[in-house]
Amino acid sequence: MVQLYNLHPFGSQRVVPCKQEPAHFCCGQDVLFVASTAASCRVEVFAVRDQGRCEPLGSFATLGPVLRMAHSSAGDYLVTIEEKSKATFLRAYTNWRCMSAGSSRVCVRMVGHKMEESYSETLKEQMSVVEMPLSDPPLCISCCPVNGDLLVGCKNKLVIFCLKYLVINQNLTVLDFERSLILHIDNLIPAEVAFCARHIAITTELDVLILKLELVQQSADSTEQCAQGVSAPEKTVDGGVKDESPSTHTLQLELDEFIICQKPVELLGEESKLCEIPITLESTELPTEDTKCFQVRYLLFRRFTPDQSPFGFCEETKLHSVQLLPVYQTGSSLTACEETENKRELLSLFCFFSLPHVGYLYSIGKVVEVISTYQYSEKSEQAVLTPQFLHVITSENLQCFTVRCSAAAARDEDPYIDTTVKACPPVTLDVCTLRMQLFIGPRAICHFKNHIILLTKADTEDITERRKPTRRMLSRKADSIKSRTNSESEPGWNLYIINTVSTIQLYREMVDYSRTYENVKTESCIHLLSEAHLLIRAAIMDPHFLKSDEKEELLRAFRESCAFLGDCYSRFDTKDYHLALPYYRMSGLSMTEVLKRLVSEGDEIQTYEKGLIFYLTHSLNEDLNEELSKESGNKILQIFYLADPVQLPHILCSPCMRNVCPLTAVKYLQKVEKMMPSVVLTLTKAFLALKMGDLIMYEHEMDSYKETMLACGFTGQPQLLRQRRGGIVMPTEFAVHLKETQPGLLVAATVALHENRKIELEEADTFFKMLCSNSENTIPQLLVDFWEALLVVCSQEEILQELLLRVTSQYVWRISKKQLPETKPLKTTEDLINSCNHFGLIFPWVTSIMSTGCSSDKDYHEDISRLQFSPADSSPPSPLSYPS
């Protein structure tokens, strides 16, 4: 489905001051090339300045009328297909910028012609025309935007010319081409081709075929075999020449009264091999050690059928506007020195092609899939795809559609983008029409940077006929040809440069437009804000982003768009409410700022949707360093009491809620306790009672359950005992109070946390050392009590051995240093022997060190007893394990 909005992506427009009627035109870097009609045989060159101002740079003559033309940014050359005396020629114009300096010298040479060093000074100041002879007439051309290689489509074959940089001397480098590869394809006449990064897209009238040339690892002795490479599934004979047996898919019967059409087909990925279009590769490079060998991988094949209607058979159904669009690595991931045309790293690749009434956008990266389908309101003439938009011309409109390239590329760059930390609108999001701009007689279109070049030609007869009811039967094709012939003699043409508005300006308009849907809480608001977000994301993914004057403004807009989307998913009742969390995180907003955006002051009956609760729950429970104010904390209490009261005890234990009013929190908990009592809720009330200094309430709450239940209750909310600050485990006021009043409960609770994997052994060590205010190298008795208690319940052999070594080392250290524990141990030796089968054996090495007599003092009797029954090992602990 295509949604329609009435936005303004098009800004001002200017008329290109052409001297002759344009036949073809193309753009490249900062220039516009316009090939005149057959009468003049010239190409005019215009420099495109700010706001679409055009300044003539000059013109140069061609051999004959230009049938096709294309510009390559890599190498900065113009390639044309020209006609003269009923013969077609392929020519490349290099060093054409010298004519803007007033030079009229032209050098015409054959491809591969050896450059003499004596001509170096002359070559600097003249345009070079490279002629590339072919055995078959060229039909269509395409330049690779990555490396400047040239693809030429001929009947039954494709020819690839590699761009070469010939170094004549230190001061001169000239461009040349080398015919490197020929793809032989039987019974195929290409109408259009596209070429990018060894990917090839070919269209005929109703078929689309997308291929990829893959490098093949070859040994040194197999270099000669690269001259003839064959791609399955074709049949071949010796020497790489294809079997001439007819292919079933090309057998077409044309009768006087019938046209037989094959059924539509779509084959993706490996299945596209079944298209039965055999391809033979012929390498035309001179075999060397560096010769590259290729094989063909089929990516996509699609066949359409002509449109049929109750009024007859439409012969005008033809594919047009095939295009490969590369998306490069995000500009922010590149260094300034790497950000050049030649060092851009390809991230994703997309292919677009169109029928008169529907267009298709495919991703052809790791997975080949259709990502968008465009339904046009009327018959299209031509289309051009950009990373941000799809521009389509019809008989009387210039239409602007949104695209999903940035959404797909973002996932190629970061496969884990759809998490609680990051998010991006889905590739499957419905596309929309931003604008349908009226023009009279659009004929051709191209795009570069923020400019659209549009050729219009008024046709009075067509306009008059369009207002009358017409009969379009089987003769429609003949009528259209006649109409087109008559219009060619009319002078009413214009070549426009239409400036698209800046990304920021259009983004602002989309945000303002979305507010019309805000109050009704419709999905249209989310849809339009998602479009605005993708618009900004596409601008940030531009390889020139780092050098953009709008860099900081675009980054601010990106964060702002994330905040707007977070607002939508928080306010609206939507199945994707969980996206509120990652969008708010990407926005950089604090919880306080989010609350101010969403919560109305003094509104006690406001309802809160799942998205806000999801965001607050995760933010409060993930140890953020933000401390909420008393007002913000109380507001969160109100939100959770109304929306999810079960979570109240948990959110009150968050470090972010330190400043909340304890009395207000207790009132809310008492209301919840009447409906859903729990041990965690009781412990939370006791925790708040301590903060208020109400020991009577504290004791009342702690007496509500037995100690075993309370110890297990702490596993439901570990933050009652310990919290993280800057990555360090810190004991709470509750833990400090338990240490003084109920150390046994504290140890039991910590053991329960460890057994439920809520605290690690090393974290527990740090916790007890900080709780007892001991230095890093001093072991408090409460930690030893924890180790001994953990020995009773722990079943993991590795941890048991570690615990036994620790307690044994501690006993030996105390005895050797004559150091008494600072507090009375919670368990006696008899308690340990009775509760833990690890104690009870006396090893010879213990008896030996006890016989020295140095520890006859009765004060050390307990440690000596523990050491005698300690089960650490049959050998004494290493001195390195003793505490210092």
Side-chain angles (χ1 to χ4, degrees), residues 2 22-27 35 66-70 81 138-143 151-153 155 158 188-196 199-210 261 264 266 300-308 313-325 350-362 364 370 372-386 389-401 403 431 433 436 439 441-447 452-457 462 476-477 480-481 483-484 487:
V2 179
H24 298 277
F25 56 91
C26 67
C27 305
V66 175
L67 305 180
R68 298 285 181 100
M69 66 188 307
I81 297 178
L139 302 176
C140 45
I141 50 178
S142 178
C143 302
L151 176 69
V152 184
K155 182 179 179 180
L158 305 175
L188 184 137
I189 302 178
E192 291 182 330
V193 292
F195 191 34
C196 181
H199 291 76
I200 298 172
I202 316 160
T203 61
T204 61
E205 287 191 356
L206 293 172
D207 292 353
V208 182
L209 178 63
I210 302 178
C261 301
E266 182 184 35
L300 179 145
F301 175 76
R302 186 155 186 179
R303 174 180 292 133
F304 299 92
T305 56
D307 290 337
Q308 300 182 45
F313 186 82
C314 179
E315 297 180 355
E316 294 182 357
T317 303
K318 293 181 181 179
L319 288 162
H320 64 78
S321 304
V322 65
Q323 184 178 345
L324 291 175
L325 177 71
F350 303 93
C351 182
F352 174 82
F353 49 85
S354 182
L355 289 168
H357 294 285
V358 60
Y360 300 91
L361 178 61
Y362 281 82
I364 55 174
V370 61
S372 297
T373 302
Y374 296 88
Q375 299 287 342
Y376 310 137
S377 58
E378 54 183 315
K379 179 185 173 184
S380 64
E381 302 291 340
Q382 193 179 351
V384 59
L385 178 68
T386 76
F389 305 109
L390 173 69
H391 300 291
V392 180
I393 56 173
T394 65
S395 59
E396 55 186 21
N397 277 304
L398 169 60
Q399 301 182 7
C400 179
F401 296 86
V403 296
V431 296
T433 307
M436 299 176 67
F439 277 91
R443 296 300 176 90
I445 185 174
C446 74
H447 172 274
I452 297 171
I453 316 300
L454 180 66
L455 174 64
T456 65
K457 189 170 184 180
D462 282 352
R476 179 184 296 180
K477 184 174 182 180
S480 65
I481 294 174
S483 174
R484 205 175 301 126
S487 66

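- The two residues Ile210 and Ile364 make their nearest non-hydrogen contact at CG2-CD1, 4.1 Å.
- Scanning both residues, Val152 and Pro138, for their nearest heavy atoms gives CG1-CB, 3.6 Å.
- Contact between Cys351 and Leu324 at its shortest, heavy atoms only, is CB-CD2, 3.6 Å.
- Counting only heavy atoms from C-beta outward, the side chains of Arg303 and Pro264 never approach each other to under 4.5 Å.
- Looking at heavy atoms from C-beta onward, Leu398 lies out of side-chain contact with Pro442 at the 4.5 angstrom threshold.
- Ring pair Phe401/Tyr374 is perpendicular by interplanar angle, where above 60° counts as perpendicular and below 30° as parallel.
- For the pair His447 (side chain) and Leu385 (backbone), a donor-acceptor distance under 3.5 Å is absent.
- The line from CZ of Phe195 to CD1 of Ile202 is 11.0 Å long, rounded to the nearest 0.5 Å.
- Between His357 and Gln375, every side-chain heavy-atom pair lies at or beyond the 4.5 Å cut-off.
- Counting heavy atoms from C-beta on, the side chains of His320 and Ser380 come closer than 4.5 Å.
- Between atom CD1 of residue Ile393 and atom CG of residue Leu454 there is a gap of 6.0 Å, rounded to the nearest 0.5 Å.
- Atoms SG and CZ, from Cys26 and Arg68 in turn, are 12.5 Å apart once rounded to the nearest 0.5 Å.
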Evaluate the criterion side chain to side chain contact (heavy atoms under 4.5 Å, CB included) for residue pair Leu361 and Leu390; output intermediate values, then yes/no.
-> CA-CA 10 Å; Leu361 178 61; Leu390 173 69; over 6 Å; no
For the pair Leu319 and Leu355, evaluate side chain to side chain contact (heavy atoms under 4.5 Å, CB included) and give the outcome as yes or no after the intermediate values.
-> CA-CA 5 Å; Leu319 288 162; Leu355 289 168; 3.6 Å; yes
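- Listed by chain and number, the residues in a side chain to side chain donor-acceptor pair (under 3.5 Å) with Ser321 amount to none (sequence neighbours excluded).
- One finds the CG atom of Leu455 at 11.5 Å from the CD atom of Glu381 (value rounded to the nearest 0.5 Å).
- When every heavy atom of Gln382 is checked against every heavy atom of Ala444, the shortest pair comes out as OE1-CA, 3.2 Å.
- Smallest separation of non-hydrogen atoms from Cys143 and Ala70: SG-CB, 4.2 Å.
- At least one side-chain heavy atom of Val208 sits under 4.5 Å from a side-chain heavy atom of Phe304.
- Contact check for Lys379 versus Ser395: no side-chain heavy atoms found under the 4.5 Å cut-off.
- Here the straight-line distance linking atom NE2 of His24 with atom CG of Leu67 works out to 6.0 Å at 0.5 Å rounding.
- Relative ring orientation between Phe353 and Tyr362 is described as parallel, the plane-to-plane angle staying below 30° on a 0-90° scale split at 30° and 60°.
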With side-chain hydrogen bond (donor to acceptor under 3.5 Å, both in side chains) as the test, would you mind laying out the steps for Gln399 and Thr433 before giving the verdict?
-> CA-CA 7 Å; Gln399 301 182 7; Thr433 307; 5.5 Å; no
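- How far CG of Leu209 is from CZ of Arg302: 14.0 Å, rounded to the nearest 0.5 Å.
- Across His391 and Ile445, no two heavy atoms sit closer than the pair CB-CD1, 3.8 Å.
- Here the side chains of Ile452 and Val384 are not in contact, with every heavy-atom distance at 4.5 Å or above.
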